[in-house]
Amino acid sequence: MDLVPFVVPGAQALVTAVLADGWEQVRTRLAALWSRRTGEPADEVERRLDDAHRQTAAPGAARDPGADGDPDADEARARLTAHWTAFLLAAVAERPELLGLVRELGTPPASVHNSNSGTVTTLVQSRDVHGGIRFGPGS
């Protein structure tokens, strides 16, 4: 089975997340999900992901696309996507149980529709909260 059509959307989503959220945050989330799927310790997965990420900084490797308006941004994003596609293809070949995770990376989250009726002073709408939310004095 050709896995490329399943892996490319995941690689594109990974590149987008790295550019939006930063490498450390994405690495930590992906390592936790990977670890749950495979039983491999999360710190080992993080090391593997860090090694792959460092390869994007090697001379001649794909570079971060940079600021909006950069004429080379599309080419740089394409190189990053190709790098992560190759990495994810190798990971799935080694651990087929990761295919579901890689496919989920490329699937947009389900939309959430909430409504409120009545009077509120503070309304928070969120999908995932890691840490706490505090309201009031001293927060």
Check: Measuring from Leu80:CG to Thr85:OG1, what's the distance to the nearest 0.5 Å?
Finding: 10.5 Å
Notebook entry, point to check: So, does Ser35 use its side chain to make a donor-acceptor pair with the main chain of Ala31 at under 3.5 Å?
Noted result: no
Check: Is His83 reaching over with its side chain to a backbone N or O of Ala78, donor-acceptor style, under 3.5 angstrom?
Finding: no
Return all side-chain donor-acceptor pairs below 3.5 angstrom for residues 87-105, not counting sequence neighbours, or 'none' if the list is empty.
| unit_1 | atom_1 | unit_2 | atom_2 | d |
| --- | --- | --- | --- | --- |
| Glu94 | OE2 | Arg48 | NH2 | 3.3 |
| Arg95 | NE | Glu40 | OE1 | 3.2 |
| Arg95 | NH1 | Glu97 | OE2 | 3.2 |
| Glu104 | OE1 | Arg37 | NH2 | 3.3 |
| Glu104 | OE2 | Arg37 | NH2 | 2.4 |

Notebook entry, point to check: Which residues pass the salt bridge (Lys or Arg N to Asp or Glu O under 4.0 Å) test with Asp2, sequence neighbours left out?
Noted result: none
Next item on the list: Kindly indicate, with the supporting measurements, whether the criterion side-chain contact (heavy atoms from CB on, under 4.5 Å) is fulfilled by Val7 and Trp84.
Entry: CA-CA 9 Å; Val7 174; Trp84 285 107; over 6 Å; no
Identify each donor-acceptor pair in which a side-chain atom of residues 8-18 lies under 3.5 Å from a protein atom, sequence neighbours left out, and give them as a table.
| unit_1 | atom_1 | unit_2 | atom_2 | d |
| --- | --- | --- | --- | --- |
| Thr16 | OG1 | Gln12 | O | 3.0 |
| Thr16 | OG1 | Arg77 | NH1 | 3.2 |

Margin query: Could you check whether any side-chain heavy atom of Arg29 comes within less than 4.5 Å of a side-chain heavy atom of Trp34, counting everything from C-beta outward?
Written below: no
Next item on the list: Would you mind reporting whether Asp50 and Arg47 have side-chain heavy atoms less than 4.5 Å apart?
Entry: no
